[in-house]
Every structure is written in structure tokens, then in C-alpha cells.
Asker: 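I have a structure I would like to understand better, so I am pasting it below and will then ask my questions one at a time.
All chains are named by letter (A, B, ...) in the order of the sequence lines, taking the proteins before the strands, and each is independently numbered beginning at 1. In this text the structure is predicted, and so the values were computed from the model without any measurement.
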Protein chains: 2
Amino acid sequence: MAVDRERVLKEAAALLTRRATTSMDEIARAAGISRATLHRHFAGRDALIRALEEHGIAQFAQAMDAARLEEGDAADALRRLIEEAEPVAAVLAFLFTENQLFEGGEINAGWARLDARITALFRRGQEEGGFRIDLSAAWLTEALYGLMGAGAWAVHEGRVARNDLNHSIAELLLGGIRRSMEK
Amino acid sequence: MAVDRERVLKEAAALLTRRATTSMDEIARAAGISRATLHRHFAGRDALIRALEEHGIAQFAQAMDAARLEEGDAADALRRLIEEAEPVAAVLAFLFTENQLFEGGEINAGWARLDARITALFRRGQEEGGFRIDLSAAWLTEALYGLMGAGAWAVHEGRVARNDLNHSIAELLLGGIRRSMEK
DNA sequence: AAATAGTGAGACATCAGTGTCTCATTCGGC
DNA sequence: GCCGAATGAGACACTGATGTCTCACTATTT
């Protein structure tokens with residue numbers, strides 16, 4: 001009887017990542033509940049998106065924990081992060097573009113914390129000598145987001161095999177396109 | 001008296017890239033014309049987006065021509081492409097996400113042609129030995145789009161200096177994050 | 001069995017955006 | 001200066017989505 005909040009968020013994420021304008025009605029039906037009930041649990045569409053945001057941020061933070069960003073080689077940590085964050089990538093990309101909409105309201109402070117952790121990883125790699133220093137850590141962070149989003153989309157469109165995804169992102173990000181001598 | 005179609009498209013692009021839900025009214029006002037006139041020149045919102053798409057595709061194709069993708073070193077050609085395509089990147093990113101919406105209707109065939117040209121560039125680089133072959137040309141194409149989009153956004157958000165943008169994209173894409181011996 | 005809380009279905013008002021139309025005005029060419 | 005074409009301003013109907021509310025039904029609890 002009690003509504004499964006997790007399931008609602010999951011279904012909402014699945015639909016919204018595919019079409020950002022999915023209506024509350026469609027989301028409700030996908031989650032197997034009535035529109036009235038959906039409104040009882042989420043004050044409105046905005047509230048639902050916010051909840052999705054909170055959830056996505058939490059999941060991403062969890063992925064970071066699981067990836068143990070501070071441990072070992074920075075490149076390996078990055079690989080682990082890509083691996084762990086893969087299931088969240090699509091939602092993240094959706095929320096990312098959705099933030100444009102909230103240009104008036106304040107953005108969730110959680111984003112800054114996530115950014116900071118990733119940027120710290122890149123900076124650590126630079127200080128330890130494994131990462132090049134002529135590209136700013138901030139840009140590398142943005143690039144990671146961009147590649148994760150592009151990757152999720154490419155898989156969705158069937159242009160990249162899901163099995164190759166993490167490897168493709170990590171390898172491109174770490175090694176670049178150019179053929180390298182050192183490997 | 002005659003409406004400057006170019007200007008309308010330009011203003012529309014500027015607004016829509018910032019907020020995808022910008023209304024026809026706002027676009028009209030930004031372009032300095034009335035909503036009625038806007039409707040006289042573009043049958044409706046869809047038609048406007050389509051026109052924007054056509055325009056964006058044409059501009060991108062033009063950028064490719066200017067970059068002379070078939071000439072010289074593939075890496076240099078890629079650098080030229082990034083350089084030439086920079087002004088179009090934001091619109092392209094917008095159209096890219098907007099295509100999700102047209103999931104019912106058929107997508108513009110122009111995209112496939114653009115993709116093909118870029119993919120051909122990457123393949124050429126692979127065949128000539130300059131680019132690694134363990135990442136598919138299709139994925140590299142998607143990654144290029146992703147990085148261009150992320151870059152445009154990062155500049156808009158002030159996280160990357162506009163002057164560094166092209167260099168940042170090209171260097172990351174070609175060389176990757178890892179510190180390399182060969183340079 | 002009774003009481004309670006949660007749900008589904010649907011009605012309803014509201015709102016924003018869209019697309020169409022009319023009419024007065026203005027611009028440009030002749 | 002005149003005339004036709006294009007424009008601006010506004011009214012209007014329509015649509016789709018949203019948010020609220022009511023009422024009947026069902027599951028859970030005691």
C-alpha cells in the first residue's frame with residue numbers, strides 16, 4: 001500500500017532522462033501509482049525534480065566513496081570513479097541540463113561539493129606527477145562530466161556498446177586519441 | 001522593414017541555448033520584432049527549431065569545409081575543426097539535446113552526414129597511424145561532441161577562459177590527461 | 001468487526017504558451 | 001505623394017499540463 005519512493009524516483013529518472021518534458025501523469029503511470037498519489041508524495045513537479053536531484057547527488061557521492069578517490073594512483077582512482085558512477089551518469093546529465101532552467105533559483109549546494117572532490121582528485125594527480133598540469137583541474141572535471149554524459153547517450157543511441165563504455169571513457173580521458181609510445 | 005532572418009535565428013539560438021524553454025514571445029522581443037511577425041516567418045515553434053537546426057547543420061558543415069578535414073595531419077585537421085566549430089558549439093549542443101524531443105519524428109538527415117565526415121577523419125587518423133585504434137571512430141566522434149558541448153558550457157559558466165577553450169579541448173582529446181613522455 | 005490511513009479515479013479551476021485573426025500603422029518603392 | 005506590402009499591437013480560442021479537491025474503495029491496524 002505504502003508508495004515505494006525509491007521506485008517512483010527510479011521510474012521518473014528513467015523517463016525524464018529520455019524526454020525531459022515527460023508529464024507528471026506519465027511518470028505516475030510508469031511508477032504504477034495515480035497522479036493524485038504522486039502529488040501527495042511530491043508537492044509538485046519542481047519538488048519531484050528537486051528530490052531527484054538530491055537522490056542523484058547522494059548516489060554520486062556514494063559512487064565517489066566506493067571509488068576511494070584518495071587512495072592509490074590517481075589514474076586508477078579515476079577509473080574506479082568512472083566505473084562506479086556509470087549507473088548514475090544518465091541522471092546526472094539530465095540534472096545538469098535541467099539546472100539551466102533553475103537559472104533564477106539557487107542551485108543545490110551539493111553540486112559544488114561533488115565538483116570539489118573530483119577537482120581535488122585531478123589536482124592530486126597533477127601534484128603527484130601523473131597528470132599533466134597544462135590543463136586546469138576545473139576543466140578536467142567538466143570534461144569528465146561531458147564524456148560521461150556523451151557516453152551514456154551514445155550507449156542509449158546504440159553507437160557504443162555498454163560493455164565498452166567505461167573503458168572507452170577512461171582510456172580516452174587518460175590517454176587521449178593520439179597514439180602513444182609509452183604503452 | 002524586411003525581417004532579418006539571420007538575426008532572428010541568431011537571437012533565438014542565443015536564448016534557447018541558455019534556456020531551452022524560452023517562449024516565442026521572448027524570442028520575438030529579443031529579435032526586435034513582434035510575435036505576430038515571428039509567426040509569419042516561422043510557421044510555429046517547431047518550424048523555428050527546425051530552421052535553427054538547418055542553420056546549425058549548415059554552419060557546422062561550413063566549419064568542416066574551412067577546417068579542410070582531408071588535408072594534412074589528422075591531428076592538425078582535428079585542431080582546425082575544433083577551432084572553426086567553436087562558434088557553433090553551443091547551438092549544436094542545444095540541438096543535440098533537443099533531438100531527444102523529436103523521438104517520434106524523423107531526425108534531420110544532415111546529422112548523419114556531419115557524423116560521417118567526422119568519423120571519417122578519425123578513421124583516417126587511425127589508418128595513417130597517428131590515432132590509436134582501440135577506441136572506435138564512432139566513440140571518438142561522440143566524445144568530440146561531448147567535449148565541445150561541455151566546453152561551451154564551462155565557458156558560459158565561467159569555469160574555463162574562452163581563450164583557453166579550443167586548446168583545452170584539442171589537447172585533452174589528443175593527448176589525454178596522463179602525463180606523456182613524448183612531448 | 002471497526003477504525004484509520006492510504007489510494008485511485010475523476011472533476012475542476014487555473015495557467016502559460018501557442019497559433020490565428022483583425023485592424024491600424026508604417027515603411028518602401030513607384 | 002500614393003499605393004501596396006509588411007509590421008505591431010492586441011484580442012481570441014485552444015491546448016496541455018498542473019495543482020487541488022472530493023468521494024469511494026481498499027488495505028492495514030487494533
Asker: Would you work out how much the helix from dA1(C)-dT30(D) to dC30(C)-dG1(D) bends between its ends, with each end axis defined by five base pairs, to 10 degrees?
Answerer: 30°

Asker: Taking 4.0 angstrom as the limit, do Glu26(B) and Arg19(B) come out as a salt bridge?
Answerer: yes

Asker: Output the rounded distance in Å from CD1 (Ile27(A)) to C1' (dT18(D)).
Answerer: 12 Å

Asker: Rounded to the Å, how far apart are Arg29(B) CZ and dG17(C) P?
Answerer: 10 Å

Asker: Between Glu11(B) and Arg29(B), does any NZ, NE, NH1 or NH2 come within less than 4.0 Å of an OD or OE carboxylate oxygen?
Answerer: no

Asker: For the side chain of His41(A), starting at C-beta, report the closest nucleotide among dG19(D), dG19(C), dT7(C).
Answerer: dT7(C)

Asker: Using whole Å, what does the distance between atom P of nucleotide dT7(D) and atom CZ of Phe42(B) come to?
Answerer: 12 Å

Asker: Give the rounded distance in Å between these two atoms: CG of Asp46(A) and P of dA17(D).
Answerer: 16 Å

Asker: Are the charged groups of Glu171(A) and Arg132(B) less than 4.0 angstrom apart, N to O?
Answerer: yes

Asker: Within the 4.5 Å heavy-atom criterion, are Thr97(A) and Phe94(B) side-chain neighbours or not?
Answerer: no

Asker: Rounded to whole angstrom units, what separation is found between the CG atom of Asp4(B) and the C1' atom of dT7(D)?
Answerer: 15 Å

Asker: How close do Glu86(A) and Leu165(A) get, heavy atom to heavy atom, and via which atoms?
Answerer: CG-CD2, 4.0 Å

Asker: Between atom CG in Asp25(B) and atom C1' in dT18(C), what is the gap in whole Å?
Answerer: 11 Å

Asker: Looking at Thr37(A) and Ile33(A), would you say the former's side chain and the latter's main chain have a donor-acceptor pair under 3.5 Å?
Answerer: no

Asker: With 3.5 Å as the limit, what N/O pairs link the protein to nucleotides 8-14 of chain D?
Answerer:
| unit_1 | atom_1 | unit_2 | atom_2 | d |
| --- | --- | --- | --- | --- |
| dG8(D) | OP2 | Ser34(B) | N | 3.0 |
| dG8(D) | OP2 | Ser34(B) | OG | 3.3 |
| dG8(D) | OP2 | Thr37(B) | OG1 | 2.6 |
| dG8(D) | O6 | Arg40(B) | NH2 | 3.1 |

Asker: More than 12 non-hydrogen atoms from neighbouring residues, nucleotides or ligands closer than 6.0 Å to CZ on Arg123(A), yes or no?
Answerer: no

Asker: Whole Å only: how far is the NE2 atom of His39(B) from the P atom of dG17(C)?
Answerer: 13 Å

Asker: Grab the two heavy atoms, one from Phe131(A) and one from Leu174(A), that are nearest each other, plus how far apart they are.
Answerer: CE2-CD2, 3.9 Å

Asker: The criterion is ring-ring contact (aromatic ring centres under 6.0 Å, His included); which residues satisfy it with His167(B), sequence neighbours excluded?
Answerer: none

Asker: Report the distance from atom CZ of Arg45(A) to atom P of dG16(D), rounded to the nearest whole Å.
Answerer: 16 Å

